[in-house]
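Have a look at the structure below before the remarks.
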Protein chains: 2
Amino acid sequence: MSDDLARILTARGYRLTAARRVILDTLSESGEHLTADELTEQVRQRSTAIGRMTVYRTLDLLCDLGLMRPVYQGTGAAHYVLMRDGHHHHLICTGCGRVVEFDECALDEAHEKIARRFGFEVEGHLLEFYGVCEVCRSKAAAN
Amino acid sequence: MSDDLARILTARGYRLTAARRVILDTLSESGEHLTADELTEQVRQRSTAIGRMTVYRTLDLLCDLGLMRPVYQGTGAAHYVLMRDGHHHHLICTGCGRVVEFDECALDEAHEKIARRFGFEVEGHLLEFYGVCEVCRSKAAAN
DNA sequence: TCTATAATTGATACAAAGTATCATTTATAA
DNA sequence: TTATAAATGATACTTTGTATCAATTATAGA
Ligand SMILES: [Zn+2]
Ligand SMILES: [Zn+2]
Ligand SMILES: [Zn+2]
Ligand SMILES: [Zn+2]
């Protein structure tokens, strides 16, 4: 998985440094939705001497390449999500903050429509549903 | 427009204070996608003595009520968007950062599906398409 | 293999964004 | 009008993100 990312980096002329290798590995193995500083912490458990700046810059680079995207999840910090095949989908409980990911989407026609209408070449999307999960709903019902 | 927001606040038992009135008015009249501190600045042009904290807290409240939502738009700060009828849609150029809003969406069936499958009661959504706008595309073609 | 080059790094310092606290003020209901 | 709890705003603080630059390192070419 991190090999995919690595390959894209080199293909686009970016260097595959030791630090980037560790960061990509960490990203793909640990769960997603990490903030930059959370990722830094995890990266440092594998390789102590990697600077915070390098993590920030690597995330920026991945975002520039369209491979990741910062999203907001309640706290002040940006959480970075992988844009697999260009898209990413969340279901977020407004009660407890739980974030569920889902894969299927049917937005291909929407891509087309939008592309034609606004002259955009659409490359991907983020879709987030907000609502109340089962647990929170039953808690609310109990009151 | 800000009356709608105000009505919801009072209906839910929140007080309609002078500060909140100004903040809601500013929000609905000035363009959207403001950061908290940008909004504070605009609010203070109308009523000097309103504290930054109050603006932050009011935005938090509106988010809790599902009326707004923070989204990331490049910079470090969260931009707050109104969730009219529960949803909000963007088209974002990855070249120049331009943000276009569009209204139509066809996600009602998707709401249904997701609700059934995950036991969520879906209340709204955010949809963001990423791509390259006409201008940026022609620039790229010129190289 | 060795060297020249530019990309990348990480330390440092800094700016911006968001949070916690608490005495004071104010909207609301009685 | 008054009692009450909600809301405010000043202050101080933590976290998150950005700028800078000398030192390091990956890569291409000799
Ligand atoms: Zn929940
Ligand atoms: Zn999708
Ligand atoms: Zn553009
Ligand atoms: Zn919609």
Side-chain angles (χ1 to χ4, degrees), chain A residues 5-26 33-65 68-81 97, chain B residues 5-26 33-65 68-81 97:
Chain A
L5 298 176
R7 215 168 296 128
I8 297 175
L9 281 196
T10 51
R12 301 237 200 163
Y14 294 98
R15 292 182 179 174
L16 195 49
T17 65
R20 281 180 180 163
R21 246 184 264 266
V22 175
I23 292 170
L24 295 183
D25 286 348
T26 309
H33 306 138
L34 296 174
T35 68
D37 282 331
E38 284 168 356
L39 178 58
T40 300
E41 233 182 303
Q42 297 210 11
V43 160
R44 278 187 165 149
Q45 288 176 4
R46 300 179 178 220
S47 189
T48 37
I50 294 179
R52 197 169 73 109
M53 276 308 85
T54 302
V55 175
Y56 271 86
R57 279 186 288 228
T58 302
L59 285 171
D60 274 355
L61 176 58
L62 294 172
C63 289
D64 285 347
L65 294 175
M68 300 197 85
R69 189 85 202 173
V71 302
Y72 205 92
Q73 280 180 3
T75 70
H79 291 250
Y80 289 83
V81 305
Chain B
L5 297 175
R7 216 168 296 127
I8 296 175
L9 282 194
T10 51
R12 300 237 200 164
Y14 294 97
R15 292 182 179 173
L16 195 49
T17 65
R20 281 180 181 164
R21 246 183 263 267
V22 176
I23 292 169
L24 295 183
D25 287 347
T26 309
H33 308 137
L34 296 175
T35 68
D37 282 329
E38 284 167 356
L39 178 57
T40 300
E41 234 181 302
Q42 297 210 10
V43 160
R44 278 187 164 150
Q45 288 176 3
R46 300 179 179 222
S47 188
T48 37
I50 294 179
R52 198 169 72 109
M53 277 307 84
T54 302
V55 175
Y56 271 86
R57 279 186 289 227
T58 302
L59 285 171
D60 273 356
L61 176 57
L62 293 171
C63 288
D64 285 347
L65 294 175
M68 299 197 84
R69 189 84 204 173
V71 304
Y72 262 97
Q73 280 181 5
T75 70
H79 291 250
Y80 289 82
V81 304

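Nothing here was measured: the structure is a model prediction, and the numbers come from that model. We name chains A, B, ... by the order of the sequence lines, and we start the count at 1 in each one. The analysis underlying the following values was restricted to heavy atoms, covering all of them including side chains, and did not include hydrogens, waters or symmetry mates.
The distance from atom CG of B:L62 to atom C1' of D:dA7 is 14 Å, rounded to the nearest whole Å. The interatomic distance linking A:R21 (CZ) with C:dT8 (P) rounds to 14 Å, in whole Å. If you measure from atom CG of A:L39 to atom C1' of D:dT16, you get 14 Å, rounded to the nearest angstrom. Protein atom CG of B:L59 is 14 Å distant from nucleotide atom P of D:dG9, rounded to whole Å. One interatomic measurement links the two molecules: CG of B:D60 to C1' of D:dG9, which rounds to 16 Å at whole-angstrom precision. Counting to the nearest Å, the C1' atom of D:dA6 and the OH atom of B:Y14 are 11 Å from each other. In this structure, B:E38 atom CD and C:dA16 atom P are separated by 13 Å, rounded to whole Å.
In this structure, the side chains of A:I8 and A:R12 come closer than 4.5 Å at one or more pairs of heavy atoms. Taking the side chain as every heavy atom from C-beta outward, B:L61 and B:L9 approach each other to under 4.5 Å.
In plain terms, the two heavy atoms of B:I50 and B:R44 that are nearest each other are O-NE, 3.0 Å. Shortest non-hydrogen contact noted between A:A77 and A:T35 is CB-CG2, 3.8 Å.
For B:T17, no side-chain nitrogen or oxygen approaches OP1 or OP2 of C:dT26 to under 4.0 Å. Considering only side-chain N and O atoms, A:R20 lies under 4.0 angstrom from the phosphate OP1 or OP2 of C:dT8.
Helix bend of the helix from C:dT1-D:dA30 to C:dA30-D:dT1: the angle between its two end axes, each built from five pairs, comes to 50° after rounding to 10°.
Taken from CZ in A:R7 to CG in A:L16, the straight-line distance is 11.0 Å, to the nearest 0.5 Å. B:Q73 CD to B:L34 CG: the interatomic distance, rounded to the nearest 0.5 Å, is 10.0 Å. Atom CG of residue A:L5 and atom CZ of residue A:R20 lie 12.5 Å apart, to the nearest 0.5 angstrom. Rounding to the nearest 0.5 angstrom, the gap separating the NE2 atom in A:H79 from the CG atom in A:L39 is 12.5 Å. To the nearest 0.5 Å, atom NE2 of residue A:H33 and atom OH of residue A:Y80 are 14.0 Å apart.
Mapping A:T10 and B:L61 onto DNA chain D by nearest heavy atom places B:L61 closer to the 5' end of the strand. Between B:T35 and A:A18, the residue anchored nearer the 5' end of DNA chain C, judged by the nucleotide with its closest heavy atom, is A:A18.
Taking the side chain of B:R15 as heavy atoms from C-beta on, and the options C:dA7, D:dA5, D:dG17, the nearest nucleotide is D:dA5. Side chain of A:L16, nearest nucleotide from D:dG9, D:dT27, C:dG18: D:dT27. Proximity note for B:Y56 (side chain, C-beta onward) versus D:dT20, D:dG9, C:dT19: the nearest is C:dT19.
Counted within 6.0 Å of OH on A:Y14, heavy atoms from surrounding residues, nucleotides or ligands total 12 or fewer; the atom is thus considered open.
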Could you pull out the protein-nucleic contacts involving nucleotides 11-15 of chain D (nitrogen or oxygen on both sides, under 3.5 Å)?
none

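With A:V22 as the fixed residue, the side-chain contact (heavy atoms from CB on, under 4.5 Å) test singles out one of A:T58, A:T54, A:V43: A:V43.
No hydrogens or angles were tested; on distance alone, nothing pairs the side chain of A:R57 with the base of D:dG17 as donor and acceptor under 3.5 Å.
The backbone N or O of B:T75 lies less than 3.5 Å from no partner atom in the side chain of B:Y72, so there is not a single donor-acceptor pair.
Less than 4.0 Å separates DNA chain D from at least one heavy atom of each of the following residues of residues 41-49 of chain B: B:A49.
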